[in-house]
Amino acid sequence: MNELLANGPGLGAWLSLAGLLFCIGTYGLLTRKNLVAVLCSLELMANAVNINLVAFSRFHGDELGQVFALFSIALTVAEVAVGLAIIILVYRQRQGIEIHELTDLRG
Amino acid sequence: MNATALAVLVYPLLSFLLLGLVWPLRQNGRLAGWISTLAAVASFLGSLRLLWKVLEGEGVGSATIPWLVADGKVIAELGIHVDGISASMLVVVTLVAACVQAYSLGYLADEPKADLGRYFTWHSLFIVAMGGLVLAPNLLQLFLAWELVGLCSYLLIGFYWRKPSAGRAAVKAFWVTKFADMGLLLGLIVLYATTGSFEWSTPVPAAWAVVVPALLFVGVMGKSAQVPLHIWLPDAMEGPTPVSALLHAATMVAAGVFLIVRAYPLFEAAPPLLLAMTWIGAVTALVAAVTAVVQDDIKKVLAYSTCSQLGFMIAALGSGQLMGGYFHLTTHAFFKALLFLGAGAAIHATHSNSIHQMGGLWRSTRFSAVLFIVGAAALAGIPGLAGFFSKDLILEELLHAGQYGPLAMLLLSAGLTAFYMTRVVAIAFFGPASEGAAHAHESPPSMLLPMTVLMVPAVLAGLAGPLFAGLWNQPYHFALTPVGGLATLAALSGIGLGVLRYGTRSWASPLPEGPRRFILSAPIDSFWLAAWQRGLQPVARGIGWVDRYVVDGLMNAVGWLFLLAGEKVRALQTGRAQDYVLGVLMGVLAVVAYGLVGAA
Amino acid sequence: MAAWIAFFALAVVLVGAAVMVVSARDLVHTVLWLALGLVTTAGVHVALAADFLAAVQILLYSGGVVTLMLFAVMLTRHLEGATARMRSESGARGVVVALMLAGLIGASLWRSDKLGAKAPAMEVDTAALGELFLGPLVLPFELLSVLLLAAMIGAIVLSRPEGPPGSVPRLPPRVTPPGGPHE
């Protein structure tokens, strides 16, 4: 136990934190109604993934994990840019960005 | 040889295509009639030339092209088969057809132009079909042509399509013959299954030797109006009289007889069937002759007379003697066509079919009356005329075959034939003067000329006996045998009875009221009607019920199941993005959970 | 020991911010809480010895993304109102799915035997990353720039107002939804 304390938080600790974040993000993704809030929840989940990547990189001693995280961040930024543009478009056409009102895919 | 034979078919085929495709020509009616008639005449001249060549021993044989080739094996062939039988039959068909078409130009002159154009179009098609039947090299082509002439028959019986009775008669003829053709078709199928070809010369294995010709004979009974499948022929008289002359007296109904002559190798192998044929033919001859005695409609008399004479032919073929049956076929074609055309002239003059409305026609239309009486005498078997020789030959052949029962029935029929023809002539031409006959005029030359042409073979065809014997390679020498004497006696006594009966100027029915009523009520028709209503319809209704509620029900249930499932599954597609995300997540969870469990 | 204190501090702030992101009633608050979470994540990166990544995180995420989102909120809030409704019929569903996910993640972590590994003494410095990007990974790196360019053009095309270029974009008409103003 002392050894664990002395060594500081290990891989499991960081992964647990990321997993918790990911779950919270999932909850938001499923329950938020505003499109911007849904996008925020997605960001949380992407962040959790990034933490995982960095943690693995640190504990495996491989810088490629960081490289992956960088790519991931860049992709997320692109996603947000396009996503927000879509939200504005939806708003312009529908006068609202309530996700529950977008039911064109209904069978 | 092939060119000559093909030419016989090509002229009417061209005429049919021309009239069928170029509708202004068809709408013109009269012009269409001329085209069709000229094609028929050309066809007749061609077939005369063909017969001449054949008699000189030239060009006998067949030429075929393969049809329906499968796996490199020729299943069926189309083509022409020329020999004495087909060449002489072609002459009969085309001569009668040409005369009838020319006659129609006058007889149907008052019909609407479009109807007339259609009429001649079907006539051209009929000559093509009948020629194809006569020249058929195998049973399959014969069957095709057989159905084609059946179609022409249906179309031409229904010529007066504004009359409901004509439509009904056309449908009745179609269905009765089609019912019989089922037998023919089955026979063809069995023939092909057992011998692997549609040739009539291939012997059928012994187990099927009776079945195949028996099935073919069912088709013959329908087409050649043998009892009990003769019921369509009297109704077919609803068609125009020239049609009755060509199709329902001279040529088409004789197709059945022709089929037996052609496929005789098959029939020969089935002696029980031959015996049955003899009896069926004799019964038909007698029943139809009795029925003809009480008819008042001149065309009905002739129709039953046709049935009766076809019975003579079938009986002759059944006794194993082809020549007599075939000889009678040709002579009958001439004098019966002449009779029908003469009856048509009387109908044209009086606008009625009833012989009681024609009384006294002798005075106003003497020329056509003479022609009719000549035809009647030929039919009755007056010595020297065509019918005498061929009927005599049939009776002699029956005697040789030892068929005394049918022989007696045929002798009786011959007497009855003479009697009912005398009755018709007496009432229609010499009976009490009727209103119709008072205003009657002689027919136009376009009708009288073809009748005169037909009268020549009706009188002289009997002398062609040696010619026919040559076709069969049989000796022929005419001698008035005791049977011939009996037949002549029967004919003369029939005529004598008629003269005695009507010479007294008493025009009442020859039979007592009871039997007359019974015969006129058409008991065989009633039998078929009852068989249809009580036998076939309930079965059909039962099958219909099974189809509607069991088979369709099953299909509907399956369809309904999928509809229901679709409705239920549809609810999953809410259109809300988050529901889809939920689905994706559930899938991911399932995969990960499976991986965890699998790793354990 | 100090490392543990830092971890728990970061974890508490991060989880707290995340919970607020998914539960705040006010949309602006949501975005602001997200900004806090992203900055804290940068802290996590520092704790994991990824300094350059932390810098990128703050620059891109906290600076760019959050600003963009605030813009989007500003552009749409005059109709929507400032609030994003939290209560919904799918709340229970979200909880269930999140718990199942947590259970699976927990189970897989529990079964792993490599979690206690001590971090090697390796320090990843920025220079090494730079050499990676411009060395063996130059092709994906350049492709990434193409992707970003495409995303930028796409965003512009999507959100550009209709009408000829240069015309003043009309504000969309203010329409009251059938159910009346939201909450």
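Labels below follow one simple rule: chain letters A, B, ... track the order of the sequence lines, proteins then strands, and each chain is numbered from 1. The shown structure was predicted, so the numbers you read here are calculated from the model rather than taken from an experiment.
- Highest contact tally toward chain C, considering only A:Leu64, A:Ile86, A:Leu84, is held by A:Leu84 [criterion: heavy-atom pairs under 4.5 Å].
- For the pair A:Arg58 (side chain) and C:Ala49 (backbone), a donor-acceptor distance under 3.5 Å is absent.
- Ranked by non-hydrogen atom pairs under 4.5 Å with chain C, the options A:Val67, A:Thr26, A:Leu29, A:Leu39 are led by A:Val67.
- With a 4.5 Å cut-off on non-hydrogen atoms, C:Phe8 does not touch chain A at all.
- When all heavy atoms are compared, the tightest approach of C:Leu148 to A:Ala74 is CD2-O, 3.7 Å.
- In this structure, CZ in C:Arg93 is found 6.0 Å from CG in A:Leu30, a value given to the nearest 0.5 Å.
- One distance of note links OG of A:Ser16 with CZ of C:Phe7; it measures 7.0 Å at 0.5 Å rounding.
- Heavy-atom distances place the side chain of C:Val56, and not its backbone, under 4.5 Å from chain A.
- By the 4.5 Å heavy-atom criterion applied to side chains, C:Ile105 and A:Leu15 are not counted as neighbours.
- Between C:Leu158 and A:Ala85, the shortest heavy-atom contact is CB-CB, 3.8 Å.
- Heavy-atom distances place the side chain of C:Leu34, and not its backbone, under 4.5 Å from chain A.
- Most heavy-atom pairs under 4.5 Å with chain A: of the set C:Ile5, C:Leu38, C:Leu101, C:Val96, this distinction falls to C:Leu101.
- Taking the side chain as every heavy atom from C-beta outward, C:Thr30 and A:Arg32 approach each other to under 4.5 Å.
- In this structure, CG in C:Leu99 is found 8.0 Å from SG in A:Cys23, a value given to the nearest 0.5 Å.
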(request) Verify side-chain contact (heavy atoms from CB on, under 4.5 Å) between C:His45 and A:Gln66, making sure each step is shown before the conclusion. (result) CA-CA 10 Å; C:His45 289 335; A:Gln66 287 196 32; over 6 Å; no
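- When C:Leu60, C:Leu10, C:Val31 are compared by the number of non-hydrogen pairs under 4.5 Å with chain A, C:Leu60 comes out ahead.
- When each of C:Tyr61, C:Phe141, C:Phe133 is checked for heavy-atom pairs under 4.5 Å with chain A, C:Tyr61 comes out on top.
- Considering all non-hydrogen atoms of both residues, A:Ala69 and C:Leu53 come closest at CB-CD2, 3.5 Å.
- For the pair C:Ala47 and A:Trp14, the tightest heavy-atom approach, listed with the atom from each and the gap, is CB-CH2, 3.8 Å.
- By the 6.0 Å contact criterion, CZ on A:Phe71 is enclosed, its count of non-hydrogen atoms from other residues, nucleotides or ligands being greater than 12.
- Checking each of A:Asn47, A:Ile51, A:Val54, A:Leu21 against C:Val44 for a side-chain contact (heavy atoms from CB on, under 4.5 Å) leaves exactly one that passes, namely A:Ile51.
- For chain A, the nearby part of C:Leu109 is the side chain; its heavy atoms alone come within less than 4.5 Å.
- In terms of heavy-atom proximity, A:Ser41 sits nearest to C:Val22 at OG-CG1, 4.0 Å.
- Chosen from A:Val38, A:Val77, A:Asn50, A:Leu70, the residue pairing most often with chain C at heavy-atom distances under 4.5 Å is A:Leu70.
- For a residue to count as touching a neighbouring chain, one of its non-hydrogen atoms must lie under 4.5 Å from one of that chain's; by this rule A:Ile88 touches chain C with the side chain only.
- Interatomic distance, CG of A:Leu75 versus CG of C:Leu144, reported as 6.0 Å (0.5 Å rounding).
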